[in-house]
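To start, the structure itself, in structure tokens.
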Amino acid sequence: MNRTPSTRASDHPATAVENGAAHTDPENNNHNNKKLDDDEQEQELDETKMSTERIFESKEVPPWRSQLTVRAFVVSFVLGVLFTFIVMKLNLTTGIIPSLNVSAGLLGFFFVKTWTKFLEKSGLLNQPFTRQENTVIQTSVVATSGIAFSGGFGSYLFGMSEVIAKQSTEANDAQNIKNPALGWMIGFLFVVSFLGLFSVVPLRKIMIIDFKLIYPSGTATAYLINSFHTPQGAKLAKKQVRALGKFFSFSFLWGFFQWFFTAGDNCGFVNFPTFGLKAYENKLLIFFGFFPPSIKTRFYFDFSATYVGVGMICPYLINISLLVGGILSWGIMWPLIQDRKGHWYPADSTPSSLHGIQGYRVFIAIAMILGDGLYNFAKVLGHTVFGLYRQLTKKDVGSVLPVGSRSPTPDSSVSYDDQRRTQLFIKDEIPTCFAVVGYVGIAIISAATLPHIFPTLKWYYIVVIYIFAPTLAFCNAYGCGLTDWSLASTYGKLAIFTIGAWAGASHGGVLAGLAACGVMMNIVSTASDLMQDFKTGYMTMSSPRSMFVSQVIGTAMGCVISPCVFWLFYKAFDDLGVSGSQYPAPYATVYRNISILGVEGFSALPKHCLTLCYIFFIAAVVINGIRDAVGKDIAKYIPIPMAMAIPFYLGSYFAIDMCLGSLILFIWTKINKAKADAFGPAVASGLICGDGIWTLPSSILALADSTSLSLFSSFSMAVGYPPRVGGFGSYLFGMSEVIAKQSTEANDAQNIKNPRLGWMIAFLFIVSFLGLFSVVPLRKIMIIDFKLIYPSGTATAHLINSFHTPQGAKLAKKQVRALGKFFSFSFLWGFFQWFFTAGDSCGFVNFPTFGLKAYLNRFLFIPIKNRFYFDFSATYVGVGMICPHLINISLLVGGILSWGIMWPLIQDKKGHWYPADLSPSSLNGLQGYSVTALPCSKSMDLSSARIVLPDMIIP
């Protein structure tokens, strides 16, 4: 929070001196004079410490043109692409997008600082890196990535598409559909994205200097950039970048790992069932013992590094609200409504039909979003009107708005920082006539162009929007300065209702409403973004002209980069926008259905849905009212309705990720608050950036329908366990019907004996003691005469002897403790595996070593389900630690030779070497090759055996 001059005692040295002199005593005058001098020195020192601009006093502020460097825009372009991928992924998954200003400023500082250091060493550095240039980079990057949000790729624009339209039966005719295409998307964004910039330029002095609006995000970014360019801040920034780099690498590699072990939807680490596969596949919340309806749940953990990072940035209350919303909807409401299937909605409705369960999910979420949005719209509008009234009724235009607990102080002095900043801010003026001409000119071009892109959006609709847009842009920019909350999406929804209803259902009102939403959102969103950047520029002594130009260039880059990135997603993922897919684009469905609701009314809703919508709309308003009424101390424990609404449609999987991020930050803060405050944003940014940029190679691989890992599928079988020594795993169980029926030969009654407790015990008693008596007479010869070693026996004897020495006893205690620890771990790991195993070839007991794509596909174009999986068996990890290395390597080589090479090649001869219609367990088929390849006596005459072997076994 930016502290105003009126709150600092150090800004009033004269007053402090006068107060000190008023209470002096003649007898103690020397003492008091000395104390007064000390106070003055202390105040001067305090003022110096508090002043940011005194630190940079010796550095000349470069002219506004020098702040706009080629290297700044090259770095901005690279970071713009990075952040556009991140925002696009967030847009198409949950629609929750955290502030990325800090990340942009930090990475901009790192890249250009590295660049300038390299040039400085080579003697080619012409211009040093300044905080003004850093601000230009941050402004341009945020403007570029901001288009990914305001461009509607996860909301109104994609909501026009056939993919979203066909998920409902209403308004899905040709005049209400416009599929994405690269050409018209770029043209549309260029036409509508610059109006907001020109609409608020004349208001910059009023907002920043006269009204002294805070713009918390812009202020925080400015503090960060200023700190980077101090000696201490530069050192910290280096450490922060290292932390960001580490977690960027981890997040990127983790994204690759997840992709590698994901074969399709609802598969792999991106769908980890939070409460076990048994609960996931069967009934929801079975641990509560009630709620009988079975429903496929969305309480899974998707191991998303992105949302763990987002959770570290978002306030705790947002994350908890998301989780509460997920439990309320998917834990309680949807199972109960699902139980009314056939009564409240048709039993034969498809999962995506708005006449079925999907209708409740979408429209109840919309009701909560509208209730929360309209409440906050009224609240911010009230703050705006009240603030303007206070400003206009005050004679002193420099007074401060009553934000938070502060009160305006008409006689406040101006600090040194504000004097310098205000002087520069007013000096580099942007002419008002330039802004007016720019706004009117672009508005005319837009009104003439948009009807050609959207025939249902008439030119007079656009003119009406542009008449009201500057007022709404001012309201949004002003409200954002007070609360840091942009209501661009709320203004967009108002445009949907007004223009959609005006156009009507028979004239493509749904498409017209969505297009109008895009026009309005772009204007009000870019206006508030520009004012945030003006605030950042004001506090970093960056020229308003350089801020405006960098915003324009960043917006222009965004108008090209964002459609291209979206197009990559659109072409790469066939199920983009489909509910339950990797990229469901939830707000695209929400915005389209808001448009349908505005045009066609409530006729599309299923039974009782409207009643529930009223209830949740009112509940959202009431909860917000309670939050404001009870004060901040209690309000921080009351969930936010807007956040609760998101998982109503999506599920709570990302909420679990975000709550994990909150938990990590909470524990870190408790352990070391200073370190958590310094490095928390860097770690979170690394997690977000790494996973976000992984979407680029994953999209390219999906575009190519990659089978690059199929080379490994030949190795994709579990390295079979080594044969057991003992009848229960070999000859004795080999007598059973279970084993016999796996082949068609010798499976008659006389060749079968099923296990029974009685005969097995008797058999073992009869045969197990003979060996003991047979070698007793040879004991002296073997041990004393021949001095045979018997390595295992000798090792055991050494171990036992050592136990009974003082040193050995101590070691034995430590060994027992180690055994106990790993015994407990192994036991709990066994329970964990059981808990997350729903059936055969499922869970952690069948972990595909070389990826699910390889596991489920082909090796060298030879189709075969392979068995190179990792079963996470603690038992055999332990066995591997005891067995000689050569034994373990031999087992692996044998597995690769057989399941990696031989069986795939023999499988390819199916129909030639053996009949194609045989069961997998028949010894006349592939199973025959597998079984007869086991070690056997050289003297065994396979050619005379009873079993009819497949071709090529006997040369």
Side-chain angles (χ1 to χ4, degrees), residues 90-97 154-156 158-159 164 167-168 170 295 297-299 318-319 321-338 344-345 351-377 487 489-490 492-493 496-497 514 517 577-581 583-598 602 604-624 639-655 658:
L90 296 172
N91 250 335
L92 296 173
T93 49
T94 64
I96 300 173
I97 303 167
S155 54
Y156 65 84
F158 191 39
I164 303 299
Q167 294 181 32
S168 64
E170 299 81 17
I295 179 173
T297 78
R298 295 193 185 180
F299 266 91
I318 293 288
N319 302 331
S321 300
L322 290 167
L323 189 60
V324 169
I327 293 171
L328 178 63
S329 54
W330 290 89
I332 299 174
M333 288 181 58
W334 303 159
L336 292 174
I337 293 174
Q338 181 92 344
W344 285 19
Y345 61 93
S352 61
S353 172
L354 292 177
H355 293 291
I357 186 72
Q358 187 76 345
Y360 296 93
R361 294 171 186 164
V362 171
F363 288 110
I364 291 175
I366 289 173
M368 292 186 71
I369 290 169
L370 289 177
D372 188 284
L374 290 177
Y375 177 89
N376 283 290
F377 173 71
L487 296 176
S489 59
T490 304
K493 294 182 186 81
I496 289 178
F497 280 113
L514 291 170
C517 173
V578 177
S579 178
S581 66
Y583 297 105
Y587 278 103
T589 304
V590 167
Y591 273 67
R592 185 172 186 88
N593 284 288
I594 288 175
S595 190
I596 292 172
L597 206 60
F602 301 112
L605 301 180
K607 192 175 181 181
H608 300 300
C609 186
L610 183 59
T611 304
L612 291 169
C613 287
Y614 285 145
I615 292 170
F616 279 90
F617 179 91
I618 295 169
V621 174
V622 170
I623 290 171
N624 274 300
I640 299 170
M642 179 73 80
M644 289 173 64
I646 297 170
F648 268 60
Y649 174 66
L650 272 182
S652 62
Y653 62 94
F654 63 94
M658 292 177 68

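The figures that follow rest on heavy atoms only: side chains count, while hydrogens, waters and symmetry mates do not.
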Return the minimal non-hydrogen interatomic distance between Ala585 and Gly577, and the atom names on each side. CB-CA, 4.1 Å

Aromatic ring pairing Tyr591/Tyr156, orientation class (parallel under 30°, perpendicular over 60°, tilted between): tilted

State, to 0.1 Å, how close Ile357 and Ile337 come at their nearest heavy-atom pair, and which atoms those are. CD1-CG2, 3.6 Å

Between CD on residue Gln338 and CH2 on residue Trp330, distance to nearest 0.5 Å: 9.0 Å

Rounded to the nearest 0.5 Å, what's the gap from CD1 on Ile364 to CE on Met333? Could you check? 4.0 Å

Tell me, please, which residues at least two apart from Ser321 pass side chain to side chain contact (heavy atoms under 4.5 Å, CB included). Leu317, Pro639, Ile640, Ala643, Met644

What's the separation between atom CZ in Phe158 and atom CG in Leu92, rounded to the nearest 0.5 Å? 7.0 Å

Give the minimum heavy-atom separation between Gly325 and Ser329, together with the two atoms involved. O-OG, 2.7 Å

Can you sort out the partners of Pro641 under side chain to side chain contact (heavy atoms under 4.5 Å, CB included), two or more places apart, ordered by chain and number? Met368, Asp372, Ala620, Ile623, Asn624

Approximate separation, where rounding is to 0.5 Å, of Leu323 CG and Ile318 CD1: 13.0 Å

Heavy atoms of Ile496 and Ser595 approach each other most closely as CG2-CA, 3.4 Å

Tyr587 side, atom OH; Thr93 side, atom OG1 - distance, nearest 0.5 Å: 11.0 Å

When you compare the side chain of Ile596 with that of Asn593, does any pair of heavy atoms fall below 4.5 Å? yes

Using atom types as modelled and distance alone, determine if a side-chain donor or acceptor of Trp334 lies under 3.5 Å from a backbone N or O of Phe648. yes

To the nearest 0.5 Å, what is the distance between CG on Leu336 and OH on Tyr360? 12.5 Å

